[in-house]
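For reference, the structure discussed in these notes is given below.
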There are 2 protein chains.
Amino acid sequence: MSTRQRILDTALESFGTTGVDGTSLDALARELGLRKQSILYYFNSKNALFQAVVDEAANEFIDELDAVFSGVDPRDVWAQVEGAVRVVFRLALQRPALLGLLREASRPGSMVAVQLSTRLAVHIDAAQHALETALQEGRVLGGNARLLLFSLYSTIMGVATEVEVLRAMGIEPSLRTLAERRQELLRFLRVALVPA
Amino acid sequence: MSTRQRILDTALESFGTTGVDGTSLDALARELGLRKQSILYYFNSKNALFQAVVDEAANEFIDELDAVFSGVDPRDVWAQVEGAVRVVFRLALQRPALLGLLREASRPGSMVAVQLSTRLAVHIDAAQHALETALQEGRVLGGNARLLLFSLYSTIMGVATEVEVLRAMGIEPSLRTLAERRQELLRFLRVALVPA
DNA sequence: ACTTCTGTCTACCAATTGGTAGAAGCGTGA
DNA sequence: TCACGCTTCTACCAATTGGTAGACAGAAGT
């Protein structure tokens, strides 16, 4: 794998777990067996690296979602929701840093949000459109399609990533509790979305 | 107001917006018209200050929730949810830094989570118990009470605080869109919780 | 008048930060 | 062999970081 790619991967891991402010170029370089000047050779500044990492993460996230959505009837909103939940929970288990990075990038006041928005705009519009027609045809319960999409996003990402809140509630994050969380989430969303 | 309290307030504001790592004691002191040594006089270390701020924030959050819940039938789960939504959205408007700090404190790997958990344990248990009996009596839809509570928390906090995601969706956070978000959220939660 | 306590200050400190300048190693093509 | 471009390095740097040591001011009590 190219050095550039190794840097991106390691940075994603570190940014997504320790945070951007909590990750120094020196520490990153040490982890890579390099000097930080080599990192700055590929990325002109720490912020440029962060932006590249956000792009990388957005791509991976979108690819995962696309892969699942491609095998699903575009009119079947519930199947899409189920697919999204499956993707997010698999990532929570296998690539927690990826979700951590999205969380980091979507912190209030983050300057990379613009980037994310242009990156995701097409997919958001598609999802919104699917929701809208489903709403009109009474196949889904909801008021405003875009705000409903936002609620869905918040719920799914929250349930998948708020592990510290979970701990505070006395539930230790583990494979089993993850599965239980997912099951309750799906039940919750089905009741909220699918007409009886 | 005592200097100690001023430090706590200013720190909450800064920690909740810029983040802990993004806030230096020097910057904090400058904002207060002090030297950082004066801050370290009241709090032995930056981390001690952070812990104190988390305590402060947890207290305020709990007080707000208690105030709303006290005027509501303890058996009326939906009224409690409505109250919680009202509190969180008012805070999102008037004290965004407070929610930001809770978000900061609940970052994966955060070391203050233990603190938060002991601080909130009683209230979590109470809410869970109310949910449980409501579930048994069929007044609320759901499977596992604790996981349902967790889903509710994730949804409400997410919808109220994920402003950058909202922006990425082309919705500028404002008073009007906040009200719309809240309305759609309440509709969403009502469908998900209240039996037809 | 003297001490004591509280609070704020100046003066430092070693370590770390992101970043610059430029040299050295290295393989490739002429 | 030479030149060249790519990559990684050593050597620095000014600024900032959290934190320590201790002086100084003022109020309060005796």
Side-chain angles (χ1 to χ4, degrees), chain A residues 1-57 97 100-101 104-105 107 109-115, chain B residues 1-57 97 100-101 104-105 107 109-115:
Chain A
M1 188 167 38
S2 73
T3 303
R4 187 194 159 86
Q5 192 59 46
R6 281 182 59 230
I7 294 174
L8 277 176
D9 291 350
T10 309
L12 195 157
E13 197 65 27
S14 189
F15 286 167
T17 52
T18 320
V20 178
D21 284 336
T23 302
S24 75
L25 293 182
D26 279 303
L28 210 55
R30 210 175 311 128
E31 219 169 322
L32 283 158
L34 291 175
R35 311 293 142 188
K36 75 168 154 208
Q37 288 75 7
S38 300
I39 297 177
L40 289 167
Y41 169 77
Y42 291 97
F43 306 94
N44 293 329
S45 69
K46 190 185 183 183
N47 201 55
L49 172 60
F50 181 41
Q51 280 178 243
V53 168
V54 169
D55 258 352
E56 170 103 341
L101 190 101
E104 182 83 4
R107 277 174 61 167
S110 164
M111 297 148 307
V112 293
V114 184
Q115 226 181 327
Chain B
M1 191 166 36
S2 73
T3 303
R4 188 194 157 86
Q5 192 58 46
R6 282 183 56 228
I7 294 173
L8 277 176
D9 291 351
T10 309
L12 195 157
E13 197 67 26
S14 188
F15 287 165
T17 54
T18 319
V20 178
D21 284 337
T23 300
S24 74
L25 292 182
D26 280 303
L28 210 54
R30 210 177 309 127
E31 219 170 321
L32 283 159
L34 291 175
R35 310 293 141 186
K36 76 170 154 203
Q37 287 75 6
S38 300
I39 297 176
L40 289 166
Y41 170 75
Y42 291 97
F43 306 94
N44 294 330
S45 69
K46 190 185 183 181
N47 201 55
L49 172 60
F50 181 41
Q51 280 178 243
V53 167
V54 168
D55 257 351
E56 170 102 341
L101 190 101
E104 182 84 3
R107 278 174 60 170
S110 164
M111 298 148 305
V112 292
V114 185
Q115 226 182 327

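Note on naming: letters A, B, ... go to the chains in the order of the sequence lines (proteins, then strands), and numbering restarts at 1 for each one.
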Rounded to whole Å, the OH-P distance (A:Y42 to D:dC6) equals 11 Å
Working note: B:Q5 + B:L8, criterion side chain to side chain contact (heavy atoms under 4.5 Å, CB included); need CA distance, chi angles, decisive distance, verdict. CA-CA 5 Å; B:Q5 192 58 46; B:L8 277 176; 4.2 Å; yes
Original post:
Does a side-chain N or O from B:Y41 land closer than 4.0 Å to OP1 or OP2 of C:dT8, or not?
Top reply: no
Has the side chain of A:K36 got a donor or acceptor atom sitting under 3.5 Å from an opposite partner on the base of C:dG18? yes
Atom CG of B:L40 and atom P of C:dT6 are separated, to the nearest Å, by 18 Å
Here the distance between atom P of D:dT7 and atom CZ of A:R6, to the nearest Å, is 14 Å
From CD1 of B:I39 across to C1' of D:dT17 the rounded distance in Å is 13 Å
Whichever of B:S38 and A:N44 has the more 5' nearest nucleotide on DNA chain C, that residue is B:S38
Subject >> A:S14 side-chain N/O to A:T10 backbone N/O, donor-acceptor pair under 3.5 Å >> reply: no
Whole-Å distance, B:L32 CG to C:dG7 P, equals 16 Å
Rounded to whole Å, CG of B:L34 lies from P of C:dT10 at a distance of 11 Å
Between CZ of A:F43 and P of C:dG19 the distance, given in whole Å, is 13 Å
Side chain to side chain contact (heavy atoms under 4.5 Å, CB included) assessment of A:K46 paired with A:V20: CA-CA 9 Å; A:K46 190 185 183 183; A:V20 178; 4.1 Å; yes
- Query: Short question: side chain of A:S110, backbone of A:A105 - any donor-acceptor pair under 3.5 Å?
  - Reply: yes
When rounded to whole Å, the CD to P distance for the pair A:Q37 and C:dT17 reads 13 Å
query: Is the side chain of A:K36 donor-acceptor paired with the backbone N or O of A:S24 at a distance under 3.5 Å, no angle test?
result: no
**Q.** Stepwise side chain to side chain contact (heavy atoms under 4.5 Å, CB included) check, A:L49 with A:F15
**A.** CA-CA 10 Å; A:L49 172 60; A:F15 286 167; 4.1 Å; yes
Would you say A:T3 reaches D:dT7's phosphate, i.e. side-chain N/O to OP1/OP2 under 4.0 Å? no
Within residues 18-28 of chain B, the residues having a heavy atom closer than 4.0 Å to DNA chain D are B:T23, B:S24, B:L25, B:D26
